[in-house]
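One structure below.
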There are 2 protein chains.
Amino acid sequence: MPGPSVLIHPDVRDVPVTEVLFALSDPARLAIVRELADGPLDMADCTAVPDMPKSTRSHLMKVLREAGVIRNEPVGRNRRISLRRDDLEAAYPGLLDAVLGAARD
Amino acid sequence: MPGPSVLIHPDVRDVPVTEVLFALSDPARLAIVRELADGPLDMADCTAVPDMPKSTRSHLMKVLREAGVIRNEPVGRNRRISLRRDDLEAAYPGLLDAVLGAARD
DNA sequence: GGCATGGTTCGATCATACTTGAACGATCGG
DNA sequence: CCGATCGTTCAAGTATGATCGAACCATGCC
């Protein structure tokens, strides 16, 4: 799989709310999160923000991952990205739903 | 009252969620918001973040105000700061409650 | 009016985050 | 194995936000 086989996924309860909010406060990152709301996606299929260099996209994923918002795991030669709904719900109840429920900008 | 008699308070529905999230993603600003959860406060009584230059504090308030999170209105020689709970609830249901409900960092 | 009070605004400096190409790493298919 | 593929990591440049003193402004009070 591309890059290191294992990436760090923090316990969401160790992540300050402010960091979660910050991760969600960027339009491109939020677009990705909304896209993932319907289910996991291979990275290559995250078309929410098109025409973006892979390094930039990878960086967005890193911010989301380090904030505990998404999971990024290798599968074959790709990477599967998924929302950490349950973990987020346990740490910050209602937060993700409220954000996802917000009208599109 | 200090400064201009009227400050701009946007319609929260015109403020992108991302901007609201960003305003709340700073520890100092979030501390202010939490302090206001119990009711309006004169600016001088916002002690959540002590020992801060007034220009810095004023800037934090500006970011929160422009994001539609707080109201800042003159009263006598002071300024009254209040949470725009109802407006936020109407625009982004559940969001503020979820953030306020989050465990303190 | 004159002055003290409480905040905003301006401008400059500094810190943080975004962006991107290039290099590297891990896998799969022949 | 070997090359191609898909992402991550690195490093450098750029942009955006925080910080804070100084200047300014509107009010209340004498």
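As the structure is a prediction and not an experimental result, all values here were calculated from the model. Proteins come first, then strands; the chains are lettered A, B, ... in the order of their sequence lines, and each starts at number 1.
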**Message:** Does either side chain, that of B:E35 or that of B:T47, offer a donor lying less than 3.5 Å from an acceptor on the other one?
**Reply:** yes
**Item:** Interatomic distance, A:K62 NZ vs D:dT9 P [rounded to whole Å]
**Value:** 6 Å
**Asked** How long is the gap from CG on A:D45 to CD1 on A:I81, to the nearest 0.5 Å?
**Response** 10.5 Å
**Request:** Ignoring hydrogens and angles, state whether a donor on the side chain of B:N72 or B:R65 is under 3.5 Å from an acceptor on the partner side chain.
**Result:** no
**Request:** Examine D:dG7: is either OP1 or OP2 under 4.0 Å from a nitrogen or oxygen in the side chain of A:R57? Give yes or no.
**Result:** no
**Item:** Under 4.0 angstrom between A:N72 side-chain N/O and D:dT8 OP1 or OP2
**Value:** yes
**Fill in**
To the nearest angstrom, the CD1-P distance between A:I8 and D:dT8 comes to 14 Å
**Prompt:** Is it true that B:R13 and B:D87 have a side-chain N and a carboxylate O under 4.0 angstrom from each other?
**Reply:** no
**Fill in**
Note: A:L96 and A:L88 closest approach over all heavy atoms is CD2-CD1, 3.9 Å
**Rounded interatomic separation in angstrom, taking CG from A:L64 and P from D:dT8** = 12 Å
**Atom pair distance, as rounded to whole Å: CG in A:N78 and C1' in C:dT27** = 10 Å
**Complete:** Taking every heavy atom of B:V12 against every heavy atom of B:A91, the minimum-distance pair comes out as CG1-CB, 3.7 Å
**Request:** Rounded to the nearest angstrom, tell me the gap between atom CE in B:M61 and atom P in C:dG6.
**Result:** 15 Å
**Asked** Taking all atoms of both residues into account, what is the closest heavy-atom pair of A:A28 and A:L60, and its distance?
**Response** CB-CD1, 3.8 Å
**Fill in**
Counting primed atoms, P, OP1 and OP2 as sugar-phosphate and everything else as base, the B/S/- map of nucleotides 16-23 of chain D against protein heavy atoms under 4.0 Å is -SSBBBB-
**Message:** Among residues 35-47 of chain A, which ones have heavy-atom contacts with DNA chain D below 4.0 Å?
**Reply:** A:M43, A:A44
**Request:** Return yes when atom CZ of B:R80 has more than 12 non-hydrogen atoms of other residues, nucleotides or ligands closer than 6.0 Å, and no otherwise.
**Result:** no
**Request:** Please report, rounded to the nearest Å, how far the C1' atom of D:dT8 is from the CD1 atom of A:I70.
**Result:** 13 Å
**Item:** Interatomic distance, A:E73 CD vs C:dA26 P [rounded to whole Å]
**Value:** 18 Å
**Prompt:** In Å and rounded to the nearest 0.5 Å, what is the CD1 to CG distance from A:I32 to A:L24?
**Reply:** 11.0 Å
**Request:** Give the rounded distance in Å between these two atoms: CZ of A:R77 and P of D:dG7.
**Result:** 10 Å
